[in-house]
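Here's the structure we're looking at; comments come further down.
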Amino acid sequence: MRKVRRLPRSALPADTVQLARYLIGKTLVHDTEEGRTSGRIVETEAYVVGDAAGHAYRGQTQRNRALFLRRGHAYVYFIYGVSYLLNVSSEQAGIGAGVLLRALEPLEGVDLMRKRRGIERLEDLARGPGRLTVAMGVGIHDDGLDLCGDGALWLGTEARPTGEVGVSIRIGITREAHRPLRFFETGSRFVSGPGRLNRVLPLNPEPKNATQRRKDAKENKSRR
DNA sequence: TATGCGATATTCT
DNA sequence: GAATATCGCATAG
């Protein structure tokens, strides 16, 4: 394994889509009192400027203010009453956009991740954005932190060469769901989502996502 | 492998 | 009151 060094902000592309692509293969590290956990980033999604699916779409609020920090800051928020999700802010100060970190391949602190997650299987420790934050010990207290500073949560260089990067539509959203803004390392066992999205292109006809399916089911029921 | 469903907080309408 | 950048468990094929 290569020596992992902190990524300076100047290394991050100053564009949301490019950053999402760039982060594949890089390392996320968290040092806590319990110990260090780290992992290779194998799946991301871009939430670009003017994106109706992005939290910054309706302007800055108390909740999403970290998305408006200059690139390289953590935006953490709570969703579905169950999960915390971690994003990296991606544009210049005052412009709201970010990259959602969706899955990691565990590197260091695997036992600590197992303890935090309460499961054993390596592939499931950080596959999915909500699982990732649990495994890494990331929570709302990390919202707004600078991932390019000298803090405990940071982005690092790649621990080993990155494989081929694939693209697909994003997962779990309804608005602008067709856009090819999800990036992943092809062939990785640590990537979330249905297998058909994890091959290199083709951008297949848009499958219905979970929310839409639920809506349809409900409508069918009330129709009877 | 896919589909269905409940849990549950915060924001927006 | 509805929607949501999810997860874990159940069930079916």
Side-chain angles (χ1 to χ4, degrees), chain A residues 16-17 19-20 23 28 41-68 73-91 96-104 113-114 116-121 123-136 138-144 167-184 189-199 204-222 224:
Chain A
T16 305
V17 177
L19 179 64
L23 287 177
L28 179 69
I41 298 169
V42 294
E43 182 184 354
T44 63
E45 279 178 357
Y47 285 86
V48 302
V49 174
D51 184 347
H55 284 190
Y57 187 57
R58 290 179 189 78
Q60 189 170 341
T61 64
Q62 187 59 238
R63 177 211 209 187
N64 69 17
R65 65 186 173 77
L67 272 183
F68 291 79
H73 287 79
Y75 166 48
V76 180
Y77 72 95
F78 195 47
I79 191 154
Y80 295 128
V82 186
S83 306
Y84 290 97
L85 272 57
L86 172 62
N87 301 246
V88 181
S89 68
S90 55
E91 299 282 337
V99 173
L100 172 66
L101 302 186
R102 290 194 54 93
L104 296 182
M113 290 188 190
R114 288 195 166 113
R116 285 171 174 158
R117 289 270 293 116
I119 62 155
E120 289 296 311
R121 194 165 177 265
E123 286 87 344
D124 289 340
L125 290 177
R127 185 175 64 186
R131 296 168 175 171
L132 180 156
T133 54
V134 171
M136 293 295 288
V138 167
I140 199 67
H141 50 278
D142 298 303
D143 185 42
V167 184
S168 82
I169 61 168
R170 295 177 289 185
I171 292 177
I173 61 173
T174 51
R175 290 171 298 203
E176 309 212 23
H178 61 285
R179 303 178 72 173
L181 293 173
R182 171 173 173 269
F183 298 88
F184 54 93
R189 301 133 52 211
F190 301 92
V191 169
S192 78
R196 65 190 145 74
L197 286 187
N198 295 334
R199 301 180 226 299
N204 35 30
E206 180 179 346
K208 290 182 179 180
N209 58 39
T211 305
Q212 189 61 47
R213 278 199 309 273
R214 196 146 47 227
K215 207 179 196 175
D216 290 350
K218 202 177 273 182
E219 283 170 5
N220 287 337
K221 200 184 277 180
S222 63
R224 271 181 285 164

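Every value quoted in this text rests on a predicted model; they were computed, and no experiment measured them.
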Show your working on side chain to side chain contact (heavy atoms under 4.5 Å, CB included) between L86(A) and D142(A) and close with a plain yes or no.
CA-CA 9 Å; L86(A) 172 62; D142(A) 298 303; 6.0 Å; no

Nearest to the side chain of R131(A), heavy atoms from C-beta on, is which of dT4(C), dA7(B), dG8(C)?
dG8(C)

Options dA9(B), dT11(B), dC7(C), nucleotide nearest the side-chain atoms of R63(A)
dT11(B)

Could you work out which one of dC7(C), dA5(C), dA9(B) sits closest to the side chain of L85(A)?
dA5(C)

Between dA5(C) atom C1' and L132(A) atom CG, what is the distance in whole Å?
13 Å

In short, R102(A) meets I171(A) closest at the heavy-atom pair NH2-CG2, 3.7 Å

From dA5(C), dT6(C), dG8(C), nucleotide with atom closest to H55(A) side chain:
dA5(C)

Got a second to check how far R127(A)'s CZ is from R121(A)'s CZ, nearest 0.5 Å?
5.5 Å

So R102(A), base contact, sugar-phosphate only, or nothing? Heavy-atom distance under 4.0 Å.
sugar-phosphate

Can you figure out which of dA9(B), dG8(C), dA5(C) approaches the side chain of L100(A) most closely?
dA5(C)

Does NZ or CZ of R170(A) come closer than 6.0 Å to the centre of the six-membered ring of Y47(A), within 45° of the ring's axis?
yes

With both pairing distances under 3.5 angstrom for Watson-Crick or G-U wobble, and | for a partner in another strand, the correct string for DNA chain C is ||||.|||||||.

If we ignore hydrogens and angles and just use 3.5 Å, is the side chain of N87(A) paired with the main-chain N or O of Y75(A) as donor and acceptor?
yes

Rounded to whole Å, how long is the line connecting atom CD1 of I140(A) with atom C1' of dT6(C)?
15 Å

So, OP1 or OP2 of dC7(C): does either fall under 4.0 Å of a side-chain N or O from R127(A)?
no

Distance, rounded to the nearest Å, where F78(A) contributes CZ and dA5(C) contributes P:
15 Å

Is the phosphate of dT11(B) approached by T61(A) (side-chain N or O, under 4.0 Å from OP1 or OP2)?
no

Can you measure I79(A) atom CD1 to dT11(B) atom P for me and round it to whole angstrom units?
12 Å

Provide, to the nearest angstrom, the distance between the OH atom belonging to Y77(A) and the C1' atom belonging to dA5(C).
4 Å

Stepwise side chain to side chain contact (heavy atoms under 4.5 Å, CB included) test for E91(A) and V49(A):
CA-CA 9 Å; E91(A) 299 282 337; V49(A) 174; 4.1 Å; yes

Kindly check if the number of other-residue, nucleotide or ligand heavy atoms within 6.0 Å of OH (Y57(A)) is above 12?
no

Name the closest nucleotide to the R58(A) side chain, picking from dC12(B), dT6(C), dA5(C).
dC12(B)

Take the protein atom CD1 of I119(A) and the nucleotide atom P of dC7(C), then report the distance between them rounded to whole Å.
11 Å

Say you draw a straight line from OH of Y77(A) to CG of L67(A); how long is it, rounded to the nearest 0.5 Å?
9.0 Å

May I have the distance from N87(A) (atom CG) to dT6(C) (atom P), rounded to whole angstrom?
11 Å

Determine, answering yes or no, if Y47(A) is stacked on dA5(C) under the 5.5 Å centre rule and the 30° plane rule.
yes

What is the nucleic acid contact for R182(A), judged by heavy atoms within less than 4.0 Å: base, sugar-phosphate only, or nothing?
nothing

Protein-nucleotide distance (F183(A), atom CZ; dA5(C), atom P), rounded to Å
19 Å

